[in-house]
Amino acid sequence: MKRFLLGACFVVTWSSGFVGTGLAGDEVGWRPLLAWRYVLTAVMLVTFCVTARPRGVRVNLTARELGRQVILGLMAHVVFLGGVFAAAETGLDAGLSALVCALQPLLVTLASRPLFGDRVHASQVAGLLLGLAGVGCSLGGVDMGATAEVGFVFASLIALSASAMLERRWSPQTPLLLSVTMQTVTAAVAFTALAATTDTLSLPATGSSVRALLWLVVLSGLGGYCSYLACLRTLGASATSTLLYLTPPVTTLWAWVMFAQRPGDSQWIGLGVVMLGVAVTLRGSNRHARGPRSPAGVRRTSGR
């Protein structure tokens, strides 16, 4: 039950980011929006880490570990979100963007075999393909006319997948909250510099921009990335990546609730296929995890 609730929390909060972007409308540029989102989130996290740390408790943070957290922050936050938002700015079809990002679970699972010696079982492959088919069904018709703009989304796909594999390879011992804080501070610095040099740091003082900012900071930022890292360290990279298949259809449900955009029949069918694919993959992963142990030195459920 705990694993199920953790996965559900991750899917709901991760999907909420698309709704936050819609709340902002066209009056706010994505660079200043992301800059202020991460600046506010970083201030909250740093304040909490400083005030909530028990007296006498020290965290031994080496220069190597700090550098690794900076790299993870750049890949999982800056390149991933920057690519998605940049693609949207150039007019890339949202359906095509979501479909490309939905390749991440398949990419991570397949890469785990040569990198970590994981065995990719038939049930896992079947579940992953079912999930991908469900995503395509839920998105319906997709405009495939974009060419160069797709490169932004592929950069996001590669960055998020690589960060998942590096998290697993490095198996960081840094506490979860501290990891999120360091990665958030890294993203805040990067997005602030980007906005200051290419756009502007000012945001219009409107109700929509304030609501969008609060939504992105609390639900999508703190909730999404904390639950993401928690899933990576609890469920493992492949299982967590598989849950990303639920993002496009759950985003459709978010849009229905927030913007009265009622899903069509194909979207309901796609949601059902995606849930079936996730169930098949997770069941196969759990069944084989109870089987013979992996070769010495191979960690199958640690990290991203």
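Since the structure is predicted, the reported quantities are computational estimates derived from the model, not experimental observations. Positions are given from 1 along the sequence.
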Legend entry - Test item: Ser15 side-chain N/O and Val12 main-chain N/O as donor-acceptor pair under 3.5 Å: no
Inset, instruction - State yes or no: do Val79 and Leu33 share one hydrophobic cluster built from I, L, V, M, F, W and Y residues joined by side-chain heavy-atom distances below 4.5 Å, directly or via other members? - result: no
Inset, instruction - Search all heavy atoms of Val39 against all heavy atoms of Ala188 and return the closest pair with its distance. - result: N-CB, 3.9 Å
Legend entry - Closest approach of Gly83 to Ser156 (non-hydrogen atoms, all atoms of both residues): CA-OG, 3.2 Å
Inset, instruction - Please tell me if the side chains of Met182 and Leu61 come closer than 4.5 Å, counting only heavy atoms from C-beta onward. - result: yes
Legend entry - Inter-residue atom distance Leu166.CG - Met75.CE, 0.5 Å rounding: 5.5 Å
Inset, instruction - Search all heavy atoms of His77 against all heavy atoms of Ala187 and return the closest pair with its distance. - result: CB-CB, 3.8 Å
Inset, instruction - First locate atom CG of Leu232, then atom OG1 of Thr240, and finally report the distance between them rounded to the nearest 0.5 Å. - result: 4.5 Å
Legend entry - Euclidean distance, Arg68 CZ relative to Ser171 OG, rounded to 0.5 Å: 9.0 Å
Legend entry - Reported CZ-to-CG distance for the pair Arg37 and Leu40, which is rounded to 0.5 angstrom: 11.0 Å
Inset, instruction - Identify the heavy atoms of Arg169 and Leu115 that sit nearest to each other, and give their distance. - result: NH2-O, 2.9 Å
Inset, instruction - Spell out, yes or no, whether Leu219 and Val210 are grouped together once hydrophobic residues are joined by side-chain heavy atoms under 4.5 Å, including indirect joins. - result: no
Inset, instruction - State whether a side-chain donor-acceptor pair under 3.5 Å links Thr198 with Arg31. - result: yes
Inset, instruction - Answer yes if the side chains of Ser220 and Ser16 hold a donor-acceptor pair under 3.5 Å, and no otherwise. - result: yes
Legend entry - Gap separating the SG atom of Cys49 from the CG atom of Leu177, nearest 0.5 angstrom: 4.0 Å
Inset, instruction - Check the hydrophobic clustering (I, L, V, M, F, W, Y; side-chain heavy atoms under 4.5 Å; chains of links allowed) and say if Val218 and Leu81 are grouped together. - result: yes
Legend entry - Matching residue for Thr41 among Leu216, Leu222, Val185 - test: side-chain contact (heavy atoms from CB on, under 4.5 Å): Leu222
Inset, instruction - Determine, step by step, whether Ser227 and Thr13 satisfy the side chain to side chain donor-acceptor pair (under 3.5 Å) criterion, reporting the C-alpha distance in whole Å, the side-chain angles of both residues, the deciding distance to 0.1 Å, and the verdict. - result: CA-CA 8 Å; Ser227 60; Thr13 54; 3.2 Å; yes
Legend entry - Distance in Å, Thr186 OG1 paired with Leu72 CG, rounded so as to fall on 0.5 Å steps: 9.5 Å
Inset, instruction - Return the orientation label for the Trp215 and Trp254 ring planes: parallel under 30°, perpendicular over 60°, tilted otherwise. - result: perpendicular
Inset, instruction - Say whether Leu34 and Val189 are linked into one hydrophobic cluster, either directly or through other cluster members, by side-chain heavy-atom distances under 4.5 angstrom. - result: no
Legend entry - Shared hydrophobic cluster for Leu201 and Val217 (ILVMFWY, side-chain gaps under 4.5 Å): yes
Inset, instruction - Determine whether the side chains of Ser209 and Thr206 contain a donor N or O and an acceptor N or O closer than 3.5 Å. - result: yes
Inset, instruction - Answer yes or no: is there a side-chain heavy-atom contact under 4.5 Å between Ile71 and Trp170? - result: yes
Inset, instruction - Ignoring hydrogens and angles, tell me if any N or O in the side chain of Thr234 forms a donor-acceptor pair with the backbone of Cys231 under 3.5 Å. - result: no
Legend entry - Lys/Arg N to Asp/Glu carboxylate O, Arg233 vs Glu167, below 4.0 Å: yes
Legend entry - Qualifying residue, where the test is ring-ring contact (aromatic ring centres under 6.0 Å, His included) with Phe191 and the options are Phe80, Trp36, Tyr38: Tyr38
Inset, instruction - Describe, in one word, how the ring planes of Tyr225 and Tyr228 are oriented to each other, choosing from parallel (under 30°), tilted (30 to 60°) and perpendicular (over 60°). - result: perpendicular
